[in-house]
**Student:** 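Before I ask anything, let me first share the structure, which is written out below as structure tokens.
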Amino acid sequence: MTVRVRFAPSPTGMFHVGGARSALQNWIYAKQQGGVFVLRIEDTDAARNKPEWTEGILSALDWIGISRGSYEGPYFQSENAGEHRAAAARLYESGRAYYCDCTREDVQARTGSQYQGYDGYHRDRGLGPGPGHALRFRTPDEGTTVVVDLIRGEPTFENKLIEDFVIARGDGSPVFLLANVVDDMTMGITHVIRAEEHLPNTPKQQLLWEALGVKPPVWAHVPVVVNEKRQKLSKRRDKVALEAYRDEGYLAGAMRNYLMLLGWAPSGDREIVPWSVIEDEFRLDEVNLSSAFFDEKKLRAFNGEYIRALPVAEFVDACQPWLTGTGTIAPPPWQPEEFDADAFAAVAPLAQTRIAVLSEIVPNVDFLFLASPLIDEAAWTKTMKDGSGELLDDAVAAFEALESWDAESLKSTLEAVGAERGLKLGKTQAPVRVAVTGRTVGLPLFESLEVLGRERTLARMRAARLRLV
Ligand code: GLU
């Protein structure tokens, strides 16, 4: 039997990191089993779906390594609507489902309590189809439904506690529970790996499989991803969109490595490992039962390590979207014609060891491309103390006299200027850095000055000096 798994997102918003993790888990499982990964877009909630969300899912999956053309699909749930209705009709004809026109208030009036579920009023009343008549599944009165779950063992549900649930609405449209099962059935899905939040649906869905005469799949319900307060990651409160991380400059390799560590770890106390190790070692049945903390700080640290591990040329390429502004990435503060690829290449290795996400490249190198630096006023005030003007005068004079404009000569020259005033290099550097780059932190100063060149460096130092008068 060929293993067939599916990832079945609903295109109702940005692509959630938790979804990306389930997709990767399905992907790896299929690969390990020599199986097939199917992508199905569950687009039946017409009011909440938008085509751009579907496109977002496809491109985010592509980015994370589940590339278009390497899986089966995408299928669209809406295209299978005929099958969903046919299954509902079969369940009605075989007596496994019945029509009901009760409202919630009707049930409440009968049971005289808070609505606790449907009371089975129409089970044997023979109501036929008609406008406003919902179709309910007749759940067994006795016995248990045992779900085989690769992560949780065999969660067991008492059938008598499962209400006769709706499978098609009063307008005849099948609900998610049924559509999802029918799609899995028609697509020959053997393993359903999905988020834990669906576990309450699973006994109902398994009953539907059985009633439709098909052997149910094996399930795996993966624990949810939570924030630092252990709340389920929510798109209103937390940064959850995979696209947002991508646009900030997380590397796909770091992201997918990190996502796979949510609730699982490779052997030997390692965290940062090649993808091939994860593909070999990952075991669904080793996934933790407790919810997994999505730690953005840790992800950042991971990303920094991935950035540092890149060959410089790849790092230079990886920075391009932030240097030019493409797609959903905002353009940098300089004009395209101001950008100088050689100057960038010269400082790239210095930046590579200092940034954790690629978008941070921009404030680190903007001084090289802008006609005048963007001055951080708070940094200016903090740094330009009494004596800074005179210090800049001396530094300008000493730099003007330099024969060779290289980092080493610049450093020893400024060191000497500082020493005359009894200042350490750090203190001497600060006003020069602010004058030239506009900031107090950044790339190593003397290498930066070397790349910026004599004319521009001196012009900026003189301009800062004038500002101080
Ligand atoms: N469309 C459902 C969701 O996004 C899929 C549920 C499932 O994987 O069965 O939650």
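The structure presented is a predicted model; accordingly, all values stated were derived computationally and were not measured. We count ligands from 1, going down the list as the structure has it; atoms in each ligand are counted the same way. Below, all heavy atoms of this structure are taken into account, side chains as well, without hydrogens, waters or symmetry copies.
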**Student:** What atoms in ligand 1 come closer than 4.0 Å to a heavy atom of Ser10?
**Tutor:**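 Result: 1 (N), 2 (C), 3 (C), 4 (O).
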**Student:** Is there a side chain to side chain contact (heavy atoms under 4.5 Å, CB included) between His122 and Asp101? Walk through the geometry before answering.
**Tutor:** CA-CA 8 Å; His122 272 288; Asp101 63 358; 2.9 Å; yes
**Student:** List ligand 1 atoms under 4.0 Å from Asn180, heavy atoms only on the residue side.
**Tutor:**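 It comes down to these atoms of ligand 1: 6 (C), 7 (C), 9 (O).
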**Student:** Can you name the one residue among Glu271, Glu305, Glu228 that meets salt bridge (Lys or Arg N to Asp or Glu O under 4.0 Å) with Lys298?
**Tutor:**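 When Glu271, Glu305, Glu228 are each tested with Lys298, the salt bridge (Lys or Arg N to Asp or Glu O under 4.0 Å) holds only for Glu271.
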**Student:** Do any nitrogen or oxygen atoms of Ala8 lie less than 3.5 angstrom from nitrogen or oxygen atoms of ligand 1?
**Tutor:**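 Indeed, backbone or side chain, Ala8 has an N or O that close.
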**Student:** Apply the salt bridge (Lys or Arg N to Asp or Glu O under 4.0 Å) test between Asp164 and each candidate in Lys204, Arg136, Arg123; give the one that qualifies.
**Tutor:**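 Only one option passes, and that is Arg123.
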**Student:** Show your reasoning for whether side chain to side chain contact (heavy atoms under 4.5 Å, CB included) applies to Leu242 and Trp63.
**Tutor:** CA-CA 10 Å; Leu242 196 65; Trp63 177 65; 3.9 Å; yes
**Student:** Enter the distance from Ile151:CD1 to Ile193:CD1 here, rounded to the nearest 0.5 Å.
**Tutor:**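 Ile151 CD1 to Ile193 CD1: 8.0 Å, rounded to 0.5 Å.
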**Student:** So, does Arg6 sit close enough to ligand 1 that a heavy atom of it is under 4.0 Å from the ligand?
**Tutor:**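 Per 4.0 Å heavy-atom rule, Arg6 contacts ligand 1.
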**Student:** Any atoms of ligand 1 less than 4.0 Å from a non-hydrogen atom of Glu42? List them with their elements.
**Tutor:**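 Result: 1 (N), 2 (C), 5 (C).
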**Student:** If we only count N/O pairs under 3.5 Å, is His198 in contact with ligand 1?
**Tutor:**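 Indeed, backbone or side chain, His198 has an N or O that close.
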